[in-house]
Structures are given as structure tokens and as C-alpha cells.
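Structure record follows, encoded as C-alpha cells.
We count residues from 1, following the sequence as given.
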Amino acid sequence: TAYAARFISEHPDQPYAAIAPRSSAEEYGLELIAEDIQEMEANFTRFWVLGAEIPKIPLNSQAEKMSLALTLPDNLPGALYKALSTFAWRGIDLTKIESRPLKTALGEYFFIIDVDCSDKELVHFARQELEAIGIQHKILGTYPIFTITDIEKECQ
């Protein structure tokens, strides 16, 4: 990040390195020792901006996501399949699925999913269906997605 590059420039006597944009290396007078170190071409870094007030970001939101925590009932066969299918058959894209232990008993988990929230009405209906089949869920947040492109790579 730019902060890491600045930190390194402030400590030239230390054997530090940073992974940062080329523009940060140029801004802080650092030597660029490697480029394109990602393992996959489509690799990207995700940042969250958190706070009590909505920040002014000089970009247009490309999409909106909703993060949900799902708790599956013990006695519902295929509960995870049923939970995910409420989104799938409506054509709602899931961008993340993560499991976490419930800490109530061994082998019990809850799931965190991120869904594309472009069509709020479809997502609302999917959430209603979750409730109807006995799958508890909690909205962790709804947030806009901003895509920042690397202008330097586009110009090459």
C-alpha cells in the first residue's frame, strides 16, 4: 500500500520491502525490484471503508453487495443446498461463501455469504424464502462496490 511505501522511505536503514503500486514507489523514491508478482492475472485487493458517516468517494459504484450470516437448522436435510438455491434459481450471484464454527457444539457451523444486491426485490424474496424454510439469517451489511482500475496498466 502507499502507507507501507511511505513507511519504508522513512526507514532507509532497515531491510524492509513493500508490495505497493508503482506510483507509490515513484512518489517515495523507492527502487522497484519486482513487478506482476501475483499468482493469477485477475488477482485484486479488496479494501473496506468503515465509519459512522458515508465517505465521499470520487467514483461511481459499479454494484452493491449484501453480506448475510446464515444459521442452518439441524433437522433440515440439504439445508445448505436449500439456502444457496434460494439465490441460485433467482439468478442472484453469490460472490463469497465462508463457513465458521458456531462454538455451541462440534461440527455445527454458520455461513457468511456475499450476494450481488443489484436487484433488491429478488434478494428480498430470497430472504423471505430462507425464513419460510426455517433458515435463520442476519444482514451483516449492504454496501456499494467501487472498482478502481490501474491506469498505468491500461496505458501500456
T86 and I135: CA distance, side-chain angles, deciding distance, side-chain contact (heavy atoms from CB on, under 4.5 Å) verdict: CA-CA 11 Å; T86 63; I135 297 173; over 6 Å; no

Residue pair S67 / D114: nearest heavy atoms and the distance that separates them: OG-OD1, 2.6 Å

Counting distance only, does the side-chain N/O of K82 pair as donor-acceptor with the main-chain N or O of P77 below 3.5 Å? yes

Compare every heavy atom of A5 with every heavy atom of A18, then report the nearest pair and how far apart it is. CB-N, 4.2 Å

Is L130 reachable from I97 through a run of hydrophobic residues whose side-chain heavy atoms are each under 4.5 Å from the next? yes

Hey, could you give me the CZ/CZ distance between R100 and F111, rounded to the nearest 0.5 Å? 11.5 Å

Walk me through whether Y28 and I8 qualify under side-chain contact (heavy atoms from CB on, under 4.5 Å). CA-CA 9 Å; Y28 295 108; I8 289 170; over 6 Å; no

So CD1 of I92 and CG of D116: to nearest 0.5 Å the spacing works out to 8.5 Å

Is there a chain of hydrophobic side chains (I, L, V, M, F, W, Y, each step under 4.5 Å between heavy atoms) that links F125 to I113? no

Considering all heavy atoms, the nearest F110-A69 contact: CD1-CB, 4.2 Å

Output, in order, the C-alpha distance, side-chain angles, deciding distance and verdict of side-chain contact (heavy atoms from CB on, under 4.5 Å) for F87 and L68. CA-CA 12 Å; F87 299 96; L68 299 167; 3.7 Å; yes

Does I139 belong to the same Ile/Leu/Val/Met/Phe/Trp/Tyr cluster as L94, with side-chain heavy atoms less than 4.5 Å apart forming each link? yes

Determine the minimum heavy-atom distance between A83 and L70, stating which atoms define it. CB-CD1, 4.0 Å

How long is the gap from CE on M66 to OG on S118, to the nearest 0.5 Å? 11.5 Å

Could you walk me through whether K120 and E64 satisfy the side-chain contact (heavy atoms from CB on, under 4.5 Å) test, starting with their C-alpha distance in whole Å, then the side-chain angles of each, then the deciding distance to 0.1 Å, before giving a yes or no? CA-CA 9 Å; K120 290 178 182 18; E64 190 170 76; 2.2 Å; yes

